[in-house]
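Lettering of chains follows the sequences in order, A, B, ..., and the numbering in each one begins at 1.
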Number of protein chains: 2
Amino acid sequence: MSEFELIRRYFSDLGAARADVSLGVGDDCALLSVPPDQMLAVSIDTLNVGVHFFPDVDPASLGHKALAVGLSDLAAMGAEPVWATLALTLPDLDLDWVHAFALGFGCLADVYGVRLVGGDTTRGPLSVTVQVHGLVPQDMAIRRAGARPGDAIFVSGTLGDSALALRLRQDGKEIPSELQQRLDLPEPRVALGLHLRGIASAAIDLSDGLAGDLGHILEASGVGAELELKHLPLSPRVAEAVAESRDWSLPLQGGDDYELCVCVPPDRIEMVEVLATTLGVPLARVGWIRSALGIEAHLPNGGRSLIAARGYDHFTAIHPG
Amino acid sequence: MSEFELIRRYFSDLGAARADVSLGVGDDCALLSVPPDQMLAVSIDTLNVGVHFFPDVDPASLGHKALAVGLSDLAAMGAEPVWATLALTLPDLDLDWVHAFALGFGCLADVYGVRLVGGDTTRGPLSVTVQVHGLVPQDMAIRRAGARPGDAIFVSGTLGDSALALRLRQDGKEIPSELQQRLDLPEPRVALGLHLRGIASAAIDLSDGLAGDLGHILEASGVGAELELKHLPLSPRVAEAVAESRDWSLPLQGGDDYELCVCVPPDRIEMVEVLATTLGVPLARVGWIRSALGIEAHLPNGGRSLIAARGYDHFTAIHPG
């Protein structure tokens, strides 16, 4: 048996057993059953060494994160996770590393009832591509294009923690463990996404920063938004960093949050607030949709400022006050 | 608009329009419909620069090949291609390169009625991961595990052309255009695969060489095989190389053929021979399945030799005669 075959063995039985998998890892294709009343939702994402993670990344964390990123996309769509495929490019055959990666991937897959059904292992610079597959009843998927003027905008969890962790690392400073965990082990908001079916008018997961990702909803829906910056949900560390620097780029343009940004019609706002309490998911109301295009921020000092609807590609810090 | 957004535009409308795509590129997930009587077949494959292709690869050829490799897996399963996703990692933003890549990918997608429904574009060393999605009626998929003693073994097309092209390049020799084309622009045997539903007992696509890939069928089916080397289908160039060197490794262990290796029960052999004629696909009968494990080669000189059921991982040349 070759080392590559050994590695494949680590991936031959990962995640939850599922009756809808007729054939999993080990043939030319996996064979899968989609129930007749459900649509298939799919999303593919790549994480590259030196771009999306550091070379010294903990392999179990990388396995977790590579799957979590995709599950977050399913959550934003209101889709129930079912299967994943994995294309893993490795520079060498470090069996301990692969074992740890598979553990991280497999544990998260177990938690969400996901089965790894196929994959490819190749040689090259370290890179992980995962495709996730979910199910959502016909016409119940939450799309980006459904936001309407008057809708409230909610954000789950807290914003900017991963970006602060990255900034501290780049500055050579110590990273508090709660920030490191947000960067390394994001928890996709799967339960929230499922319960937002039939409630949310639009949703997106926050991978490139609130301004850019909300901008995708606005563009798809042909609307604009106003944000109350003082209502952005911030952890104590990020709140402190924003207060010290008077720079809102951490929560507005920071990436890797993997929280949900959700638009909700006025008559369903109360329903969403009850839902958040029931699920135990922090959900902050941060603004509203308007018909005028663009994102206008209400600054804590009472001023207003237009925010560029951009994420990582075109980083634009705003310095209110 | 950022350059990455420009690149995404090249991929927003690739391949055939399909009514079963409710939502394609541009949201958190694609939304797809699978007919109630069909199973979903999926396969994911990665091609990395310096491993699977040369840095000076023609981008249109790479786009073609990245999709063809997946379609070949669907063909081996008897699945009808429907959708693809693409994770493309680029070292820089060369718009001309990306445009050509998208053309190559899109043309092949059009030919086979495939729609590109999602993707991810990231920075890093050049790498292409494609997941293909196909449909196959319940219980009609052709698996690796169905070969039985007495089945005939057929191989489509010719073997070893891509491996010879690679060898010539590595030796710094000129590559005849017909070999270069086999390496760069493989044609997946989709029509053949679809027509083998209900006829073939097992099939696999030849990506790592006949010995290794047939070995996967044998392992999954718990059987062995005998091969008549003089019946292996060889192009004139490969036949010449084998005759000169008396080395059968090109057709037996050469990769990148993307032909089908198919097992057929005795009572359906005639049906398959008629099918090959009808489809205009060359199909050579190269051996048969036996109950004794291992692959035994009948050499042209009348001798016999056991062949290692291995592909690229453990390259073992055999020197008969």
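- If you measure heavy-atom distances from B:V136 to chain A, the contacts under 4.5 Å come from the side chain alone.
- Proximity to chain A involves both the backbone and the side chain of B:D45, based on heavy atoms less than 4.5 angstrom apart.
- The environment of NE2 in B:H216 is crowded: more than 12 heavy-atom neighbours from other residues, nucleotides or ligands sit within 6.0 Å.
- With a 4.5 angstrom heavy-atom cutoff, A:L47 does not touch chain B via any of its atoms.
- Between B:S43 and B:D73 the shortest heavy-atom distance is OG-OD2, 3.0 Å.
- Using a 4.5 Å cut-off between heavy atoms, B:A203 contacts chain A through its backbone alone, with no side-chain atom that close.
- Chosen from A:A76, A:G50, A:A30, A:G124, the residue pairing most often with chain B at heavy-atom distances under 4.5 Å is A:A30.
- For A:V42, the parts sitting under 4.5 Å from any heavy atom of chain B are the backbone and the side chain alike.
- The pair B:D256-B:K65 meets the salt-bridge criterion, with a side-chain N (NZ, NE, NH1 or NH2) lying under 4.0 Å from an Asp/Glu carboxylate O.
- Contacts from residues 31-38 of chain B to chain A, taken as heavy-atom pairs separated by less than 4.5 Å, involve B:L31, B:L32, B:S33, B:V34, B:P36 in sequence order.
- Counting only residues at least two apart or on different chains, the salt bridge (charged side-chain N to carboxylate O under 4.0 Å, His left out) pairs with a member in residues 25-34 of chain A are A:D27-B:R144, A:D28-B:R144.
- Between B:F101 and B:F11, the two ring planes are perpendicular [angle over 60°; tilted spans 30° to 60°].
- If you tally non-hydrogen atom pairs under 4.5 Å between each of A:A41, A:G118, A:A145 and chain B, the highest count goes to A:A41.
- Taking every heavy atom of both residues into account, A:T129 and B:A87 meet most closely at CG2-CB, 3.7 Å.
- We find that B:R189 and B:D205 are not joined by a salt bridge, their nearest charged nitrogen and carboxylate oxygen being 4.0 Å or further apart.
- For B:H52, the NE2 atom counts as densely surrounded, since its 6.0 Å shell holds more than 12 non-hydrogen atoms of other residues, nucleotides or ligands.
- With chain A as partner, the option from B:I204, B:I217, B:V132, B:I142 having the largest number of non-hydrogen pairs under 4.5 angstrom is B:I204.
- A:T122 and A:T89 share a side-chain donor-acceptor pair at under 3.5 Å.
- Neither the backbone nor the side chain of A:S72 has a heavy atom closer than 4.5 Å to any heavy atom of chain B.
- Heavy-atom neighbours of A:E219 CD from other residues, nucleotides or ligands within 6.0 Å: at or below the threshold of 12.
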